[in-house]
Amino acid sequence: MDNRNTKVMNRFDVTSRLIGKLKHEEAVIGGIGNTNFDLWAAGHRPQNFYMLGSMGLAFPIALGVALAQPDRRVLALEGDGSLLMQLGALSTIATLKPKNLIMIVMDNGIYQITGAQPTPAASVADIVAIAAGSGLANSAWAADEEDFERLVEAAMSATEPSLIAVRIDDKPGVGATRRDPVQIRERFMHGLGVREPL
Amino acid sequence: MAIAEQQATPAAGDNSWHGIVLQTLKRNEISLVPYVPDRVLTLLIKNLHADPFFTTFATAREEEAVGIVSGAWMGGRRGAILMQTSGFATLANVLASLAVPYQIPLIMFVSERGTLGEFNYGQSLVCRTMRPVLDSLALEHHTITRLDELEFIADRSIKQAVTTQAPVALILNPLLTGGKTFDK
């Protein structure tokens, strides 16, 4: 990973910058664990969905939302360990080419939430190369925070799915998501305009 | 059998099992159908692709398809997934951590391998894991063996899944579909 010429950033900082760019009730799917915690800590929004398990499914869930609501931008936050669980999803997304889907990969090379063990791909696999090889041409490493913000802005008006990978440190997530799955889903559906509040 | 020359989109009077499944999906406004292929489902998949009402595509793994239709449901679009028995066997985690706790009406059509003339030992053992998994999660499931019961079971099960926000598995038995035989 050292030859990637990318700064090691902080997940909460990067997540907060991302949320700061959202202006049109974009949907955001948090993966399990720390991406979820930082999404929550960056400020709860009704358009946020928080996973409680199903490791690796943040991108497929986001794809489903994107197919259901093609006029809304849909973002998903995934860790490198989670993405390794479901690499095939990248080729599915590349084949369908949903123009409103933005994938963010937070890569620290470890299973942070289980005790920071290295992933089987730590230091050898290049997430962006894998994404590009899966058919997602619009994939890039963020060089630093400013570059990340620039890539997010470009992705917001892109006409094909985008993947942005960020090297992050091993700092734990900030905050903890409340864990009531039905409440999470109902709020998300309200946020997407699918349900009326009771 | 002239199934190869059959019309791409079944007519309203099509009484084949796959024609009934397609029309039942359509009537219930289920337009998103990701799948992992199965030989027995070939004509259903082909006809779904040929009908512009449906967005249908292959996924690399069944779990992925569950994630996709779950996201679509939350976004206001109905979906169903197609798979075979061995694919269902990969789903225990996602059923227990996504579909059931979030109360998502996940509609699954499972082509049943591993029974009534199965020739692959791996398939026959995997089949025996399916109903215990469904039962352990208290998931509604029906095994469909008769053409005359298919529409009733599929239509009512879909409506129940949607109104009770609970997953359902519709197991398509070889008595209905003809199954897969060793010489195919």
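Chain identifiers are assigned alphabetically (A, B, ...) following the order of the sequence lines, protein sequences preceding nucleic acid strands; residue numbering begins at 1 within each chain. The basis for the numbers below is simple: all heavy atoms, side chains too, and nothing from hydrogens, waters or symmetry mates.
Using a 4.5 Å cut-off between non-hydrogen atoms, the part of residues 100-117 of chain B that approaches chain A consists of B:P101, B:Y102, B:Q103, B:I104. The stretch residues 64-95 of chain B places B:E64, B:G67, B:I68, B:G71, B:A72, B:W73, B:M74, B:G75, B:G76, B:R77, B:N93, B:V94 near chain A, each with some heavy atom under 4.5 Å from a heavy atom of that chain. Residues of residues 149-176 of chain B having a heavy atom under 4.5 Å from any heavy atom of chain A, listed by number: B:Q165.
Note: the hydrophobic cluster containing A:I19 also contains A:Y50 (ILVMFWY, side chain heavy atoms under 4.5 Å, direct or indirect links). Taking hydrophobic clusters as Ile, Leu, Val, Met, Phe, Trp and Tyr residues chained together by side-chain heavy-atom distances below 4.5 Å, A:L18 shares a cluster with A:V128. Hydrophobic clustering places B:M130 together with B:V133 (ILVMFWY residues linked when any side-chain heavy atoms are closer than 4.5 Å, directly or through intermediates). Hydrophobic cluster membership differs between A:I110 and A:V8, with clusters built from Ile, Leu, Val, Met, Phe, Trp and Tyr side chains linked at under 4.5 angstrom. Note: the hydrophobic cluster containing B:L44 also contains B:I30 (ILVMFWY, side chain heavy atoms under 4.5 Å, direct or indirect links).
Residue-environment remark: CD (A:E160) exceeds the threshold of 12 foreign heavy atoms within 6.0 Å. The environment of B:R27 atom CZ is dense: over 12 non-hydrogen atoms of other residues, nucleotides or ligands sit within 6.0 angstrom.
For chain B, no part of A:L87 is nearby; none of its heavy atoms comes within less than 4.5 Å. Heavy atoms closer than 4.5 Å to chain B are found nowhere in A:R72, neither backbone nor side chain. Residue contact with chain B, scored on non-hydrogen atoms closer than 4.5 Å, involves the side chain of A:V194 exclusively. Looking at B:L32, only its side chain comes within 4.5 Å of chain A, counting heavy atoms on both sides. With a 4.5 angstrom heavy-atom cutoff, A:F49 touches chain B only via side-chain atoms. Heavy-atom distances place both the backbone and the side chain of A:I61 under 4.5 Å from chain B.
In this structure, B:F57 and A:T92 have side chains that are in contact, with non-hydrogen atoms separated by less than 4.5 Å.
How far CE of A:M51 is from OG of B:S97: 7.5 Å, rounded to the nearest 0.5 Å.
Comparing A:Q183, A:R195, A:R185 by heavy-atom pairs within less than 4.5 Å of chain B, the highest count is held by A:R185. Most heavy-atom pairs under 4.5 Å with chain B: of the set A:S54, A:G193, A:A62, A:S91, this distinction falls to A:S54. In terms of heavy-atom pairs under 4.5 angstrom with chain B, the leader among A:D180, A:I184, A:I29, A:L96 is A:L96. Interface summary for chain B: among A:G191, A:G56, A:A89, A:G53, the most heavy-atom pairs under 4.5 angstrom belong to A:A89. Heavy-atom pairs under 4.5 Å with chain B were tallied for A:A66, A:A68, A:A58, A:A27; the largest tally goes to A:A68. Most heavy-atom pairs under 4.5 Å with chain B, from the set A:L192, A:L63, A:L52: that is A:L52.
By the side-chain hydrogen bond (donor to acceptor under 3.5 Å, both in side chains) test, A:S157 is found to be paired with no residue, residues two or more places apart in sequence or in another chain being considered.
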